[in-house]
Number of protein chains: 2
Amino acid sequence: MATRSAERGRTTRQRLLDAAVTLVPEVGWGGVTTRMVAERAGVAPGVVHYHFASVTDLLVAAGLGFTTALLDGLAAELAARPGIGEGIDWLLGELSQYSGADPASLLVMEMFLASTRLPELRERLGVQIGGFRAVVASWLTAHGYRGDAEAAAALLAASLDGIVLHRALDPGLDPAALAAPLRAMFAAG
Amino acid sequence: MATRSAERGRTTRQRLLDAAVTLVPEVGWGGVTTRMVAERAGVAPGVVHYHFASVTDLLVAAGLGFTTALLDGLAAELAARPGIGEGIDWLLGELSQYSGADPASLLVMEMFLASTRLPELRERLGVQIGGFRAVVASWLTAHGYRGDAEAAAALLAASLDGIVLHRALDPGLDPAALAAPLRAMFAAG
DNA sequence: GGTCGACTTGGGCAACTGTCCAAACCCTAC
DNA sequence: GTAGGGTTTGGACAGTTGCCCAAGTCGACC
């Protein structure tokens, strides 16, 4: 078998995915071109359409790979926090590394928007977010939250994304300063 | 003077702006082309570059015009609410008309993203948001909020945007269901 | 050695892009 | 009527796009 070739192909495919992940934040979802990705990945333009049916396919695969890793990491870390207050503080601390203008934030936002025009992407992204919210909700109840944990988890997740969004326009916005009202939300629940 | 011509020019310009506002949500900020806008506005392609230096210039002007009207309207309505609880309930009610996938939500999100690549747009959008936040903060203090009104207003504004963002992926997410934790947030302040 | 399959190359294609511009147009002022 | 401003037209331009493909490389097997 040509296992050597297949292995090389897999690493090339991964390089294309990585290149897409770095390019989307730079030039926007719709601004990524075949030749751009190929150049950044260090391969010939034709390779892109050998490994992916279209540029959009490549972007979808790259984006979903990124969010999977991100959300899985967040969920795992959150589960390890001993209490709700600690968890929120930790989340806000994490958030400080997402300025809203950093590559990760931009990629996620670009995916949100692209998903409104790509049903398949919307479907798969929705499943990921739903799973994350479920984890947060069960974590809240497990640590004594008495209100509607589903609603609280939804609001928490939405607030986090909203904060990132606003930080993009107001770099002076400090997530830590929002801890008080955010903790109040769950203390009262 | 050719006042008749000038007037016709102004309405054409406005038609181009309106066309851009409807197109950005449909095809994305970077997906709007000269001919697309011209066709939707019912004019020849050349007109676009007579009224605007570039397509980007047109999009910036159209987007900022839209957000100005939106934020001014929101601020005015909010100021008329008698109390914090009523204000939040009203805001959440308003929010139900922004599904996250509706043209208005999409346009605003597209502007957020485009602003990361267009310093001028970011600057002017930031000023608008800052102004809105200041209005909300003073409204909060005027109605008895005792905590850090600036932080609370920032979190409130961010939460609202975040909710819209999440509704795009989860249409079943009901803003009204988030009223309890959101009110708790400000009741405790 | 030769054969085979997976992968890669670089150029070719039609379609589309933003921008420009000479010419035509409409309306007002003389 | 003529002149002239502001506006509109539709085509031209060079550059870029996504996608395709014949030819090539490479290593594994016989």
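Every chain is numbered from 1 and lettered A, B, ... according to where its sequence line falls, protein lines coming before strand lines. Reckoned from all heavy atoms, side chains included, excluding hydrogens, waters and symmetry mates. All of these numbers come straight from a predicted model, not from anything done at the bench.
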Considering just the side-chain nitrogens and oxygens of A:Thr34, establish if one lies under 4.0 Å of OP1 or OP2 belonging to D:dT17.
no
Under the salt bridge (charged side-chain N to carboxylate O under 4.0 Å, His left out) rule, what do B:Glu26 and B:Arg40 come out as? Steps first, then yes or no, please.
CA-CA 12 Å; B:Glu26 287 178 29; B:Arg40 176 141 324 179; 2.7 Å; yes
Phosphate contact (C:dG18 OP1 or OP2) by B:Ser54 side-chain N/O below 4.0 Å:
no
Report the C-alpha distance between B:Arg13 and B:Glu7 in whole Å, list the side-chain angles of each, state the deciding distance to 0.1 Å, and finish with yes or no for salt bridge (charged side-chain N to carboxylate O under 4.0 Å, His left out).
CA-CA 10 Å; B:Arg13 194 188 133 97; B:Glu7 188 184 318; over 6 Å; no
In plain terms, say whether B:Asp174 and B:Arg167 are close enough for a salt bridge, that is, a side-chain N and a carboxylate O under 4.0 Å apart.
no
Which helical stems does DNA chain D take part in, if a stem means at least 3 consecutive Watson-Crick or G-U pairs with both distances below 3.5 Å?
C:1-30 with D:1-30
Whole Å only: how far is the CZ atom of A:Arg15 from the P atom of C:dC7?
14 Å
Does a distance-only test, which skips hydrogens and angles, find a donor-acceptor pair under 3.5 Å between the side chain of A:Arg35 and the base of D:dG18?
yes
Counting neighbours of CD on A:Glu39 that are heavy atoms of other residues, nucleotides or ligands and sit closer than 6.0 Å, is the number greater than 12?
no
Looking at B:Thr12, does any N or O in its side chain come under 4.0 Å of the phosphate oxygens OP1/OP2 on D:dT7?
no
Which is more 5' along DNA chain C, the nucleotide nearest B:Arg8 or the one nearest B:Gly31? Just name the residue.
B:Gly31
Between P of C:dT19 and CG of B:Leu16, the distance in whole Å:
14 Å
Between CZ of A:Arg10 and C1' of C:dT8 the distance, given in whole Å, is 17 Å
DNA chain D contacts among residues 41-53 of chain B, heavy-atom distance under 4.0 Å
B:Val43, B:Ala44, B:Gly46, B:Val47, B:Tyr50, B:His51
Using a heavy-atom cut-off of 4.0 Å across all strands, would you classify A:Val37 as base, sugar-phosphate, or nothing?
nothing
